[in-house]
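Keep in mind that this is a model prediction, so the values were computed, not measured. By convention in this document, chain letters (A, B, ...) are assigned in the order of the sequence lines, proteins followed by strands, and residues within each chain are numbered from 1.
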Amino acid sequence: MINAEQRCISLLKDCKTLNNLKKIQAIATKTNLLSEPFISGKLILLSATSISDALQYACNLFLEIPSPDIFTYNTLIRGISESNLPQQSLLTYIEMRRKTILQPDSFSFAFILKAAANYKSLNGGIQLHCQSLVHGFDTHLFVRTTIVSMYAECGCINSARKAFEELSQPNVVAWNAIVTACFRCGDVKGGEVLFGKMPFKNLTSWNVMLAGYMKAGEVEPAKRIFAEMSAKDEVSWSTMIVGFSHNGRLDEAFECFRELNLSGMRPNGVSLTGVLSACAQAGAFEFGKVIHGYIEKAGFGTIVSVGNTLLDTYSRCGSVQMAHLVFDWMIKIKNIVSWTSMMASFAMHGLGKEAVQLFHDMESSGVVPDGITFVSILYACSHAGMLKEGIGFFHKMQVTYAIEPSIEHYGCMVDLYGRAGLLRKAFEFVLEMPIEPNDIIWRTLLGACSIHGDVTLAEQVKERLSELDPTNSSDHVLLSNIYAIAGKWREVVSVRRSMIDQNIKKCPGWSMIEVDKVMYSFVVGAGLNGVTKEAQEKLVEIMSRIRIEGGYIPEVGSVLHDIEEEEKENAVSLHSEKLAVAFGISRLCPGSVIRIVKNLRVCRDCHVVMKLISKVYNWKIVLRDRNRFHSFHLGQCSCQDFW
DNA sequence: TTAGGGTTAG
């Protein structure tokens with residue numbers, strides 16, 4: 001016959017879910033075992049660090065433990081330091097010092113300094129550094145290494161270097177920490193010098209260099225080091241794939257993923273998120289589906305970050321339906337990121353009502369929204385013209401959830417008022433907001449002026465933008481478009497002339513389309529050969545047919561801004577998204593969906609053409625532009641001509 | 001029974 005304590009210990013060994021944990025807690029409470037430090041400590045360890053989304057449970061459980069020991073405090077502090085509110089762990093530490101006679105140990109300082117690093121609090125970090133000195137732990141190797149990282153996270157490379165130099169015998173981990181610190185603070189050269197001086201290097205040191213270079217946007221040196229490495233592990237490969245993807249080097253991300261598979265090593269969750277993120281950026285829907293198949297077959301579907309990236313990939317590839325299927329499949333593992341991504345997906349596709357419903361479902365399920373959730377829901381409201389609901393959410397975030405609005409939230413509100421046509425209200429809102437408006441805020445307002453054709457306000461807004469970001473080509477182009485639509489041709493010429501005088505070049509437009517899992521890109525003004533020639537020939541036929549059968553008349557205003565006068569006649573057929581759609585009609589099987597990704601906002605003329613093609617040819621076209629999705633079907637667009 | 005350096009999603 002085993003007693004309750006033995007039973008608890010045995011159950012704790014296999015405890016992997018919150019439900020298991022609750023059963024053990026019930027036994028422990030009933031049999032007074034919560035006063036046993038080993039049992040209560042283990043329960044806190046599991047709930048605070050091993051079982052996902054059980055931190056709140058851990059905090060509640062902690063309150064029931066009669067006199068927690070230092071181990072129990074440490075594990076709770078660790079759990080909180082890894083959460084999205086790391087500053088709360090400092091409060092736990094302060095409470096421990098105030099309410100108990102427990103003395104902090106090296107573990108306490110390692111965890112709490114990590115928390116300060118996570119929320120980038122230099123003041124807090126300095127105070128904890130002093131505390132560790134008072135208690136005699138500041139020279140402890142583990143604590144000191146965390147101090148080096150903490151200063152680097154807070155941007156103080158000099159303090160990080162000093163903390164490292166005071167170590168008489170740094171080991172390889174401390175060396176890796178100081179090299180990482182240099183890269184984190186933007187000192188690439190310093191990182192290279194220290195790497196050269198390292199007396200010993202293991203594989204992790206090389207991976208530090210790969211990650212450092214990739215985060216600094218230095219892709220070529222990372223590639224050089226990767227090629228030189230005699231041994232590579234999962235992290236080396238993942239770092240490269242994620243690095244290529246973050247730096248927009250999508251072809252190289254795909255190629256590296258292919259090489260990883262050929263190397264005999266298997267992709268892990270991180271490399272899968274990296275390649276999926278490349279799919280999302282490129283709009284590679286079919287290739288994304290292949291990766292999805294692999295994820296299911298190889299059992300990666302239970303990793304929440306992988307599921308969330310897959311959801312986001314489908315969404316950015318234009319399939320809100322597939323994104324929603326993934327969301328539903330994630331039933332047991334979904335977290336705040338999943339809810340927020342799904343809301344963002346509805347938002348991007350103009351499905352405001354669905355996003356609002358999802359927000360309420362999330363609240364009912366007990367998940368607490370954070371600042372990013374509110375960015376998504378406000379974005380959804382503005383893109384669906386839901387003014388009243390948007391204002392309601394802006395108040396709710398502050399009153400119900402005590403979230404201080406950030407510049408992104410203010411940006412959403414400007415967009416919300418602006419798109420709804422309340423331009424003066426939007427302008428006043430910008431002038432009254434408690435944060436200094438940045439170029440993005442003013443650009444949002446300029447976009448609203450463009451939608452509603454308010455030339456006077458546009459001129460005032462452009463003046464502010466010229467102070468903040470004078471060489472931004474898209475601002476000039478937008479102002480020129482606003483003048484063109486208002487028929488102010490003299491002003492159009494003046495904007496164009498000032499662009500030439502200041503040597504401001506328009507960002508070249510490109511569009512991509514996937515055919516048979518291969519991505520094809522089309523660029524304005526590229527030579528007429530290969531696929532471009534094929535697309536161009538098809539486009540001539542398409543334009544003629546939509547003119548005859550759809551009554552198409554070119555919108556000259558849209559094309560004036562970016563081409564020379566003598567090219568105007570051909571301009572209509574030159575925009576990259578038209579070439580991409582023509583190529584799609586030429587190559588894809590009838591009945592499939594044409595999915596196009598464009599780097600700039602779609603122009604009015606292309607928007608009209610897409611609608612007519614969807615009607616005359618009876619194709620469904622999903623076009624992702626810089627801001628949102630347009631889904632064309634039977635002559636209509638999901639944005640309802642509101643973008 | 002808890003730690004420090006390298007890759008992970010909105």
TODO: Using a cut-off of strictly less than 4.0 Å, decide whether A:Lys13 has a side-chain nitrogen or oxygen near OP1 or OP2 of B:dT1.
DONE: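 Checking B:dT1 against A:Lys13, no side-chain N or O comes under 4.0 Å of OP1 or OP2.
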Open item on the list: Any side-chain N or O of A:Arg144 below 4.0 angstrom from OP1/OP2 of B:dG4?
Closed with: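 So the side-chain polar atoms of A:Arg144 never come under 4.0 Å of the phosphate oxygens OP1 or OP2 of B:dG4.
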For [X], report the nucleic acid contact type (base, sugar-phosphate, nothing); a contact means any heavy atom under 4.0 Å.
X: A:Val235; value: base
X: A:Ser338; value: nothing
X: A:Asn84; value: nothing
X: A:Lys215; value: sugar-phosphate
X: A:Ala344; value: nothing
X: A:Leu12; value: nothing
X: A:Thr239; value: sugar-phosphate
X: A:Ser305; value: base
X: A:Thr180; value: sugar-phosphate
X: A:Ser271; value: nothing

Quick one: which of [options] gets closest to the side chain of [X]?
X: A:Arg78; options: B:dG10, B:dG5, B:dT2; result: B:dT2
X: A:Ile336; options: B:dT2, B:dG5, B:dG10; result: B:dG10
X: A:His140; options: B:dA9, B:dT1, B:dA3; result: B:dA3
X: A:Ala177; options: B:dG5, B:dG10, B:dT2; result: B:dG5
X: A:Asp370; options: B:dT7, B:dG10, B:dG5; result: B:dG10
X: A:Val172; options: B:dA3, B:dA9, B:dG5; result: B:dG5
X: A:Ser238; options: B:dG5, B:dT7, B:dG10; result: B:dT7
X: A:His246; options: B:dG4, B:dA9, B:dA3; result: B:dA9
X: A:Phe142; options: B:dT8, B:dG4, B:dG5; result: B:dG4
X: A:Asn202; options: B:dA3, B:dG5, B:dT7; result: B:dG5

Can you tell me how far [atom2] of [N] sits from [atom1] of [X], to the nearest Å?
X: A:Arg316; N: B:dG10; atom1: CZ; atom2: P; result: 7 Å
X: A:Asp105; N: B:dG4; atom1: CG; atom2: P; result: 14 Å
X: A:Tyr73; N: B:dA3; atom1: OH; atom2: P; result: 20 Å
X: A:Leu43; N: B:dT2; atom1: CG; atom2: C1'; result: 15 Å
X: A:Asn335; N: B:dA9; atom1: CG; atom2: C1'; result: 8 Å
X: A:Leu45; N: B:dA3; atom1: CG; atom2: C1'; result: 12 Å
X: A:His292; N: B:dA9; atom1: NE2; atom2: P; result: 19 Å
X: A:Met150; N: B:dA3; atom1: CE; atom2: P; result: 20 Å

Could you tell me if [Y] and [X] have a donor-acceptor pair between their side chains, going purely by distance under 3.5 Å?
X: A:Ser305; Y: A:Asn308; answer: no
X: A:Ser132; Y: A:His129; answer: no
X: A:Thr373; Y: A:Thr340; answer: yes

Task: Residue of the set A:Arg97, A:Gln103, A:Met96 for which side-chain contact (heavy atoms from CB on, under 4.5 Å) holds with A:Thr100 - done: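 With A:Thr100 as partner, A:Arg97, A:Gln103, A:Met96 yield a single side-chain contact (heavy atoms from CB on, under 4.5 Å), made by A:Met96.
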Open item on the list: Please report the interatomic distance CG(A:Leu43) to CD1(A:Ile65), rounded to the nearest 0.5 Å.
Closed with: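 The CD1 atom of A:Ile65 is 7.0 Å from CG of A:Leu43, to the nearest 0.5 Å.
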Task: Criterion ring pair (Phe, Tyr, Trp, His ring centres under 6.0 Å) against A:Phe226, the qualifying member of A:Tyr213, A:Trp237, A:Trp206 - done: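 So the option named by the test is A:Trp237.
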Between [N] and [X], counting only base atoms on the nucleotide and side-chain atoms on the residue, is there a donor-acceptor pair under 3.5 Å?
X: A:Thr75; N: B:dT2; answer: no
X: A:Ser341; N: B:dA9; answer: no
X: A:Asn171; N: B:dG5; answer: no
X: A:Thr340; N: B:dG10; answer: yes

Task: Lys/Arg N to Asp/Glu carboxylate O, A:Glu255 vs A:Arg249, below 4.0 Å - done: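 Salt bridge: no.
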Open item on the list: Here's one to test your reading of the geometry: is the NZ or CZ of A:Lys334 within 45 degrees of the ring axis of A:Phe327 and under 6.0 Å from its centre?
Closed with: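 A:Lys334 over A:Phe327 ring: yes.
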